[in-house]
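Below: the structure, in structure tokens.
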Amino acid sequence: MRSRGTRASADRSDPAAPADAAAPADPAALAVVPRPTPAQRLARPVRLSLSALAGWPARRWAAAAGAGVLSALAVGLPTAVVPNPFFARMTPVEWWNVPVLVLTALLGGVLVASYVRTGRTAETAGVAETTQAGVPAHDPTEDPAREEPDTDSTDRTDPAQGSARLGQRLGTASGLLAYFAVGCPVCNKLVLLLLGTSGAMQVWAPVQPLIAVLSLALLTFATVRRLAGEVACPVRA
């Protein structure tokens with residue numbers, strides 16, 4: 001009787017011992033998930049952007065072509081990079097002006113076309129919505145009415161609208177920078193007013209390639225962020 005009571009009291013004093021023995025640790029739960037490298041972090045938005053472009057309908061590609069032509073004319077005609085009878089420049093076109101103009105038109109066209117409504121979600125376009133672990137980020141059987149945004153919430157809490165506003169601002173800023181980058185250095189009245197003719201050639205002209213790089217960097221960032229957001233955070237577009 002004493003030994004049986006002693007065993008019972010020992011079991012009550014250590015309730016975790018039987019549980020630990022019955023439930024061994026899962027090796028998969030103890031596995032350490034490797035952190036993504038900086039290269040993988042940079043490559044993921046690019047992959048998502050390419051996935052978004054693969055699902056674009058014809059109307060968006062048509063909008064991208066039209067917006068690209070308009071962007072090229074808006075920057076190229078006043079700066080006379082595109083020859084025309086209305087504008088002239090006092091300095092020759094630099095070798096890098098045309099590539100910058102072409103890239104600005106291509107990226108600007110894609111960025112503008114990303115705002116064209118298609119009436120489809122990322123799921124219906126055939127784009128798999130997954131997290132980094134490969135698990136669906138949203139349950140497709142979930143009631144879509146529960147995913148509607150709250151009418152009382154502000155735009156600051158909506159990632160899609162925040163991304164749209166950021167893309168518009170960066171697109172506008174990069175267009176202005178591209179205009180100043182490829183323009184004639186002594187034809188810019190603001191530059192002449194601040195630096196004079198000699199300053200425009202000796203100070204402003206050497207800085208213009210750097211402004212072109214900054215313009216393309218901002219436009220690329222805005223375009224990739226906008227396209228990647230269509231896959232990572234799908235909404236009806």
Side-chain angles (χ1 to χ4, degrees), residues 38-39 41-43 45-46 49-50 53 60-116 155-156 159-229:
R41 293 194 188 99
L42 292 176
V46 177
S49 300
L50 295 177
L53 289 175
R60 276 198 170 181
W61 288 113
V69 172
L70 292 178
S71 299
L73 295 178
V75 177
L77 288 179
T79 57
V81 176
V82 177
N84 63 93
F86 305 104
F87 299 94
R89 55 189 296 151
M90 301 176 63
T91 58
V93 176
E94 299 289 341
W95 65 267
W96 52 267
N97 289 163
V98 175
V100 169
L101 180 62
V102 172
L103 291 176
T104 300
L106 292 176
L107 293 172
V110 172
L111 180 60
V112 171
S114 67
Y115 292 91
V116 175
D155 294 345
R156 290 174 296 180
Q161 294 185 3
S163 177
R165 291 197 305 271
L166 179 63
Q168 293 171 356
R169 294 170 182 172
L170 291 179
T172 302
S174 61
L176 292 175
L177 290 175
Y179 171 81
F180 287 115
V182 302
C184 172
V186 295
C187 301
N188 191 323
K189 294 181 175 58
L190 181 60
V191 174
L192 290 178
L193 180 63
L194 295 176
L195 302 176
T197 304
S198 60
M201 294 300 299
Q202 298 176 5
V203 178
W204 177 252
V207 175
Q208 285 182 295
L210 301 179
I211 298 176
V213 172
L214 177 60
S215 170
L216 293 177
L218 291 178
L219 190 54
T220 301
F221 174 78
T223 304
V224 171
R225 179 186 174 90
R226 173 70 179 172
L227 294 175

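The figures here come from the full heavy-atom set of this structure, side chains too, leaving out hydrogens, waters and symmetry mates.
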Rounded to the nearest 0.5 Å, what separates atom [atom1] in [X] from atom [atom2] in [Y]?
X: Leu210; Y: Ser215; atom1: CG; atom2: OG; result: 12.5 Å
X: Leu192; Y: Cys187; atom1: CG; atom2: SG; result: 8.0 Å
X: Thr104; Y: Leu111; atom1: OG1; atom2: CG; result: 12.0 Å

Exercise. Quick one: is the NZ or CZ of Arg226 closer than 6.0 Å to the six-membered ring centre of Tyr115, and within 45° of its axis?
Worked result: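 Verdict for Tyr115: a cation-pi partner in Arg226.
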
For this session: Give a yes or no on whether Phe87 atom CZ has more than 12 heavy-atom contacts from other residues, nucleotides or ligands under 6.0 Å away.
Result: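 Atom CZ in Phe87 is crowded, with more than 12 foreign heavy atoms closer than 6.0 Å.
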
Do [X] and [Y] have side chains that get closer than 4.5 Å, going by heavy atoms?
X: Cys184; Y: Val186; answer: yes
X: Pro45; Y: Arg225; answer: no
X: Met201; Y: Thr91; answer: yes
X: Leu219; Y: Leu177; answer: no
X: Leu170; Y: Phe221; answer: yes

Determine the minimum heavy-atom distance between [X] and [Y], stating which atoms define it.
X: Leu216; Y: Val100; result: CD2-O, 4.2 Å
X: Trp96; Y: Ala212; result: CZ3-CB, 3.9 Å
X: Ser49; Y: Val224; result: OG-O, 3.2 Å
X: Ala64; Y: Ala113; result: N-CB, 3.5 Å
X: Ser174; Y: Leu218; result: CB-CB, 4.3 Å
X: Thr79; Y: Arg89; result: O-NH1, 2.9 Å

Can a donor-acceptor pair be found, under 3.5 Å and without considering hydrogens, that links the side chain of [X] to the backbone of [Y]?
X: Arg60; Y: Val116; value: yes
X: Asn188; Y: Pro185; value: no
X: Gln208; Y: Val182; value: no

For this session: Evaluate the side-chain contact (heavy atoms from CB on, under 4.5 Å) criterion for residues Val75 and Val81: first the C-alpha distance (whole Å), next the side-chain angles of each, then the deciding distance (0.1 Å), finally the verdict.
Result: CA-CA 8 Å; Val75 177; Val81 176; over 6 Å; no

For this session: Check step by step if side-chain contact (heavy atoms from CB on, under 4.5 Å) holds for Trp204 and Ile211.
Result: CA-CA 10 Å; Trp204 177 252; Ile211 298 176; 3.4 Å; yes

Exercise. Quick one: which of Thr223, Leu227, Leu53 gives a side-chain contact (heavy atoms from CB on, under 4.5 Å) with Ser114?
Worked result: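 Between Ser114 and the candidates, side-chain contact (heavy atoms from CB on, under 4.5 Å) is satisfied uniquely by Leu227.
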
